[in-house]
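A short worksheet on the structure shown next.
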Amino acid sequence: MDLSVDVGGFVVKNPVIAASGVLGYGEEYARVGNIDWFGAVTVKGTTLRPRHGNCPPRIWETPSGLLNSIGLQNPGVDEVITHYLPQLAQFDVPIIVNISGETYEEFQEIAKKLADCPHVTALEVNVSCPNVESGGMAFGTDPGSCYRATKAVRRSWPGPLIVKLTPNVTNISEMAKAAVDAGATCVSLINTLLGMAIDIQNKRPALGNIKGGLSGPAVKPVAVRCVWEVFQSVSVPVIGMGGVFSWEDALEFIMAGASAVALGTAVLVDPYAPKKIVDGIQSYCESNGIDSMSSIVGIAQV
Amino acid sequence: MDLSVDVGGFVVKNPVIAASGVLGYGEEYARVGNIDWFGAVTVKGTTLRPRHGNCPPRIWETPSGLLNSIGLQNPGVDEVITHYLPQLAQFDVPIIVNISGETYEEFQEIAKKLADCPHVTALEVNVSCPNVESGGMAFGTDPGSCYRATKAVRRSWPGPLIVKLTPNVTNISEMAKAAVDAGATCVSLINTLLGMAIDIQNKRPALGNIKGGLSGPAVKPVAVRCVWEVFQSVSVPVIGMGGVFSWEDALEFIMAGASAVALGTAVLVDPYAPKKIVDGIQSYCESNGIDSMSSIVGIAQV
Amino acid sequence: MSQLDILDVPAKVISVDRREGDAFRAILYAPEIASRAKPMQFINVRVQESLDPLLRRPFSLSDVNPHVGTIEITWMVVGRGTKMMTQWKPNQTVHVLGPLGNGVGPDFLENKRKLILLAGGTGFAPIQLLGVRAREKGVDTILIYGAKSRHLLMNTDRLKEVGCKICTCTEDGSYGSKGLVTDMAELQLELIAEEKIDPENLVALGCGPTPMLAAIENLFADTNIPLYISLESKMACGYGLCQGCAVRAVDPQRGYYRVCTDGPVFLAKDVELESE
Amino acid sequence: MSQLDILDVPAKVISVDRREGDAFRAILYAPEIASRAKPMQFINVRVQESLDPLLRRPFSLSDVNPHVGTIEITWMVVGRGTKMMTQWKPNQTVHVLGPLGNGVGPDFLENKRKLILLAGGTGFAPIQLLGVRAREKGVDTILIYGAKSRHLLMNTDRLKEVGCKICTCTEDGSYGSKGLVTDMAELQLELIAEEKIDPENLVALGCGPTPMLAAIENLFADTNIPLYISLESKMACGYGLCQGCAVRAVDPQRGYYRVCTDGPVFLAKDVELESE
Ligand SMILES: Cc1cc2nc3c(=O)[nH]c(=O)nc-3n(C[C@H](O)[C@H](O)[C@H](O)COP(=O)(O)OP(=O)(O)OC[C@H]3O[C@@H](n4cnc5c(N)ncnc54)[C@H](O)[C@@H]3O)c2cc1C
Ligand SMILES: Cc1cc2nc3c(=O)[nH]c(=O)nc-3n(C[C@H](O)[C@H](O)[C@H](O)COP(=O)(O)OP(=O)(O)OC[C@H]3O[C@@H](n4cnc5c(N)ncnc54)[C@H](O)[C@@H]3O)c2cc1C
Ligand SMILES: Cc1cc2nc3c(=O)[nH]c(=O)nc-3n(C[C@H](O)[C@H](O)[C@H](O)COP(=O)(O)O)c2cc1C
Ligand SMILES: Cc1cc2nc3c(=O)[nH]c(=O)nc-3n(C[C@H](O)[C@H](O)[C@H](O)COP(=O)(O)O)c2cc1C
Ligand code: FES
Ligand code: FES
């Protein structure tokens with residue numbers, strides 16, 4: 001059965017995408033699984049200059065959730081273009097590059113460099129990273145900044161443009177609208193929820209960077225609600241994520257309005273998750289007489 | 001050991017409070033456990049007029065979490081005063097009445113009625129309920145409205161005044177400050193996170209009311225982060241809640257800055273939770289040479 | 001205020017076995033609950049010591065043996081929790097809260113000559129104990145039991161042993177008559193009508209999926225036989241705190257009932273059966 | 001790019017038993033992993049089929065038997081996951097990802113006459129397999145092993161059997177000498193110095209809590225003996241994806257290493273030991 005779906009200017013062969021930050025540049029994952037199980041892959045948050053990331057500890061387990069404070073560790077856009085993307089491009093899967101700037105100008109500059117790279121299918125503008133000091137989530141918590149960051153990228157990137165939204169706001173629909181007004185062809189959500197934990201043995205925050213981003217099944221109800229709201233507010237496709245661990249979870253997002261889902265934490269815990277989820281969606285569709293993904297996108301909207 | 005602690009104008013004998021909405025008026029709980037295991041009890045959100053609550057289904061389980069859309073079902077403030085509070089007052093535990101208005105005037109009116117009731121120790125102003133249409137969370141997502149709602153209650157209620165905050169905002173500290181400026185003697189947080197689920201079998205939202213409030217261990221990292229932030233912004237005591245299930249969880253909140261914790265979902269799942277948690281805090285303190293609760297409140301703040 | 005009559009006990013698993021078809025049965029040692037339980041009551045079980053699944057799962061008491069201190073539950077695997085329960089091992093401990101719900105007290109059968117039990121699928125579980133008790137009191141008992149297919153039927157031998165008349169049907173005809181519980185109930189009601197028993201000396205109780213309950217309610221509307229139904233709903237606490245298990249009352253003043261404490265057994269005419 | 005050399009397999013539990021003190025040992029049937037594993041590698045284990053605990057738990061391979069297809073892990077109960085593992089039952093299946101980490105390849109012992117192993121607490125687990133392999137190659141091996149107290153020591157019989165010299169100490173003196181691993185190591189280094197072996201023919205490897213590793217690093221700084229250390233850190237994936245297991249590199253240009261793929265074995269001089 002054909003599971004392909006349009007996600008705003010490009011088509012993925014199945015609606016299961018690798019979320020940013022959990023696949024490295026494919027090298028490690030390829031030792032365990034097949035990258036082309038995914039409909040598309042998103043690379044780790046890419047910045048203008050290399051970043052070493054935050055002080056450890058960077059990981060803390062919570063009930064059905066994961067707190068991380070990696071801090072956009074990446075080799076910088078130039079190195080990504082020359083070294084990592086060509087390597088990832090060996091696999092026949094569309095590449096989405098997740099980008100993060102500290103200023104609007106930086107966003108534009110990164111986008112420009114990537115516009116010249118043949119391996120990039122789409123950009124995902126990260127206005128929602130809770131783990132960096134300047135920029136990061138700030139762009140995603142105010143509609144004006146969200147608009148300007150998107151616009152900055154739009155100026156130098158003509159292709160499919162995804163804006164990744166944060167749930168740490170009073171009204172996520174406003175942000176989605178601002179992104180679409182500025183030229184986004186797709187919105188993805190949710191990035192992590194801002195959270196923290198205390199290590200009671202040491203009487204101090206569990207993460208070296210104090211606060212971190214919460215992901216995994218724990219956040220799924222918040223993510224589904226955000227997808228539901230955003231689907232009602234904009235007409236571009238939505239990529240849903242936040243705690244997708246099973247094909248049932250994927251269908252929950254799709255029925256709420258997501259054209260595709262992305263897997264973050266699931267890939268960390270279960271390398272074969274993408275395969276299981278794609279297979280699960282496939283057999284669900286077959287046994288329920290569903291012949292195109294688009295016919296169930298948003299079907300639960302009342 | 002003495003576990004008592006001041007929570008803004010009144011003292012609780014131990015820092016474990018029953019959260020609003022999970023203890024009814026004590027009658028049912030008393031068949032299973034002892035109400036005086038708690039340092040204080042908060043009654044269900046009380047409104048001016050009786051409310052029947054939302055359409056079922058009202059409950060949906062999520063990974064380590066619970067979605068509910070009860071919708072402030074309650075017999076109305078008059079009935080609460082004449083019938084339920086006298087009954088609850090049999091137990092020698094301070095009573096906090098959680099109140100919810102659709103307008104500022106309603107808040108003031110409810111508070112006035114309760115000011116004449118001898119059984120009430122403190123009011124908790126619910127500016128954060130995600131499960132009602134008018135009012136509800138709206139008051140808690142804008143500092144101005146939060147200020148006015150608190151002020152309205154302050155006018156007719158001279159006693160300890162807790163304002164209960166919602167995490168569904170970009171900046172919870174702003175709300176806390178507004179509440180304190182308007183006269184709150186304590187803030188409690190978090191109310192539930194706005195969430196939803198899709199019942200994929202029926203292809204529609206799992207809850208009759210579509211969206212609901214997410215509680216339980218899943219939200220703990222968000223709750224701890226909110227307590228951490230609010231502790232830094234205001235000088236009144238904080239009551240922390242959101243996923244407290246064990247004494248370790250309670251200590252996490254206390255070390256982050258909570259003077260006391262409240263149990264919601266835990267009481268539903270484990271009636272003996274308050275006893276286990278109080279006992280656990282007690283032995284922790286004893287074996288770690290801690291001789292007053294206040295000495296560990298906020299100890300993880302760096 | 002009756003105090004401390006519900007207990008949360010660490011119950012020892014005595015045995016878990018697979019019954020007919022997809023049904024499983026566990027016997028648990030919980031004397032405090034066994035000694036208090038009435039027919040049609042239920043327990044709320046912590047499936048495993050983990051925060052996922054978070055909520056307890058409600059199961060009716062399908063049998064109770066106060067003398068040896070055991071209780072029995074019978075279930076079908078429908079999701080994660082019921083699946084995990086099939087992995088319970090003898091001697092392990094599980095947390096059981098109960099007995100819960102109003103159940104059916106001794107007055108339920110007072111003056112009754114005949115009890116008509118109507119069960120669909122897992123709805124048979126609580127019915128079994130009521131049937132046994134009715135027979136102990138010498139009440140004539142007939143069970144009309146149906147399910148989609150043979151593998152969804154529970155074992156009715158225990159009721160047969162105590163002299164209960166049993167009519168079984170399946171929708172696909174794989175066991176018993178082919179048809180619905182209501183088809184068979186209609187037939188039986190006609191036979192009963194011929195016996196000319198005063199409706200006051202009759203009583204009926206149904207337990208099963210909502211559409212079945214709605215259908216039998218229709219059927220009984222034409223008789224004067226008091227019909228009780230035992231409801232299910234999603235529960236967070238099972239003991240009256242959360243208001244989560246609401247079912248709409250026919251009386252608009254009343255608003256909602258709680259299935260867990262006002263029920264699970266209701267007079268059919270008191271509640272609105274909403275199709276969830 | 002070496003592909004598909006790490007597997008996620010459903011491994012059958014062969015046995016779980018309690019060892020000396022608080023230690024437990026499980027033998028798992030996982031031939032694909034057993035045939036690929038090197039000493040000092042680890043596996044990442046899904047403790048149970050539930051979303052809580054969510055993450056897998058990393059455990060070193062304390063033994064590997066490629067002929068029968070089994071791997072062995074040895075652990076202490078320190079929290080929920082390690083406790084749940086003690087409840088594993090023979091024949092059940094657990095998901096095991098591995099072999100993970102760089103481990104110690106055949107060249108590690110090339111030209112070596114003596115291997116000095118330093119272990120603290122559960123740090124002994126991976127050391128055992130390396131000691132066995134070293135003895136198979138005829139390398140003189142000495143183990144210096146310490147823990148806070150007797151019940152925190154793992155069983156060292158296997159190494160004794162293969163002819164490894166063993167010095168044990170506990171901080172409270174409840175077993176072996178009273179003192180720290182470093183005290184004993186100092187003594188042994190003096191004895192080794194008397195043997196006048198070229199430092200190039202010596203190699204040392206330590207595994208244990210960070211303060212112990214820091215202390216032995218200090219001790220070895222005065223010698224020319226190459227010192228390796230095996231690190232632990234909180235891991236989300238265990239196979240290089242998340243960057244969560246970062247440890248700071250001494251070279252500031254390098255930033256951080258990943259313990260799971262760049263390690264867990266590092267040259268002591270390459271990494272900064274931060275006190276977590
Ligand atoms: C008072 C009462 C008594 C019951 N007695 C029995 C019994 O004796 N034997 C038996 O087999 N079942 C009984 N049930 C139903 C049983 O509780 C559910 O089948 C069980 O909770 C499902 O758990 P799960 O984790 O396997 O399913 P999930 O994975 O949670 O869900 C699977 C399916 O079961 C439904 N379900 C989940 N929870 C409930 C619930 N609390 N009530 C009803 N449906 C639910 C879901 O909607 C879904 O369709 C009873 C329910 C109630 C309320
Ligand atoms: C490469 C590697 C190899 C290991 N090999 C072994 C081994 O062979 N035997 C053994 O007993 N232990 C080993 N450990 C440590 C083991 O992974 C932890 O003890 C285990 O994950 C704790 O799980 P828990 O659920 O019981 O503890 P939790 O309840 O999660 O936490 C309890 C305590 O353990 C610590 N802890 C939790 N997770 C980790 C982790 N991933 N790494 C280190 N500490 C952690 C916590 O900080 C806390 O103090 C190894 C760790 C790593 C990284
Ligand atoms: C370890 C880790 C690293 C991440 N790094 C990034 C990143 O660099 N850029 C980004 O936009 N999102 C990042 N995310 C967020 C995920 O892409 C995703 O939005 C979030 O984790 C929710 O999905 P999940 O629950 O499936 O993990 C990261 C998440 C994790 C767990
Ligand atoms: C069933 C249910 C009903 C609730 N009703 C109310 C309420 O009436 N008023 C209120 O302020 N909070 C209400 N809450 C929120 C809780 O008081 C608490 O803030 C929240 O559940 C987080 O805590 P927990 O994770 O311990 O449950 C309710 C929560 C639940 C689960
Ligand atoms: S399940 Fe909580 S009141 Fe019925
Ligand atoms: S644990 Fe994920 S990179 Fe090491």
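On a predicted model such as this, the values are computed, not experimentally measured, just so you know. Chain identifiers are assigned alphabetically (A, B, ...) following the order of the sequence lines, protein sequences preceding nucleic acid strands; residue numbering begins at 1 within each chain. The analysis underlying the following values was restricted to heavy atoms, covering all of them including side chains, and did not include hydrogens, waters or symmetry mates.
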Report task. Quick one: which of A:Ala300, A:Gly195, A:Ala223, A:Pro221 has the most heavy-atom pairs under 4.5 Å with chain B, could you say? Result -> A:Pro221
Query - Min side-chain heavy-atom separation A:Val22-A:Leu263 under 4.5 Å - result: no
Query raised in the report: Who wins among A:Gly65, A:Gly243, A:Pro205 for the most heavy-atom pairs under 4.5 Å with chain B?
Result: A:Pro205
Report task. Would you check if A:Val219 and A:Thr192 make a side-chain contact, meaning some heavy-atom pair closer than 4.5 Å? Result -> no
Query raised in the report: Between CG of A:Leu207 and CD1 of A:Ile59, what distance do you get to the nearest 0.5 Å?
Result: 8.0 Å
Query raised in the report: Salt-bridged, B:Lys220 to B:Asp249, with N to O below 4.0 Å?
Result: yes
Query raised in the report: So which of B:Asn171, B:Ile198, B:Val222, B:Val169 has the biggest tally of heavy-atom pairs under 4.5 Å with chain A?
Result: B:Ile198
Query raised in the report: Where on A:Tyr284 is there a heavy atom nearer than 4.5 Å to chain B: the side chain, the backbone, both, or neither?
Result: side chain
Query raised in the report: chain A: which of B:Trp60, B:Phe245, B:Trp228 shares the most heavy-atom pairs with it under 4.5 Å?
Result: B:Trp228
**Report entry** Contacting region of A:Ile254 [heavy-atom separation from chain B under 4.5 Å]
**Finding:** neither
Report task. For residues B:Gly39 and B:Asn14, report the shortest heavy-atom separation together with the two atoms involved. Result -> N-OD1, 3.2 Å
Report summary line: In terms of heavy-atom pairs under 4.5 Å with chain A, the winner among B:Pro217, B:Pro63, B:Ala256, B:Cys226 is B:Pro63
Query raised in the report: side-chain contact (heavy atoms from CB on, under 4.5 Å) between A:Leu189 and A:Val227: does it pass, once the steps are laid out?
Result: CA-CA 7 Å; A:Leu189 54 140; A:Val227 166; 4.1 Å; yes
Requested in this report: Determine the option with the most heavy-atom pairs under 4.5 angstrom with chain A, choosing from B:Leu251, B:Ile200, B:Val224.
Outcome: B:Ile200
Requested in this report: Tell me, for A:Leu67 versus chain B, whether the close heavy atoms (under 4.5 Å) come from the side chain, the backbone, both or neither.
Outcome: side chain
Query raised in the report: Out of B:Glu252, B:Glu229, B:Met255, which one racks up the most heavy-atom pairs below 4.5 Å with chain A?
Result: B:Glu252
**Report entry** Candidate list A:Asp279, A:Ile277, A:Val278, test side chain to side chain contact (heavy atoms under 4.5 Å, CB included), partner A:Lys275, passing option
**Finding:** A:Asp279
Report task. Check B:Ile299 against A:Lys203 and note the closest heavy-atom contact, atom names and distance. Result -> CD1-CD, 3.8 Å
Query raised in the report: For B:Gln301, is it the side chain, the backbone, both or neither that has a heavy atom under 4.5 Å from a heavy atom of chain A?
Result: neither
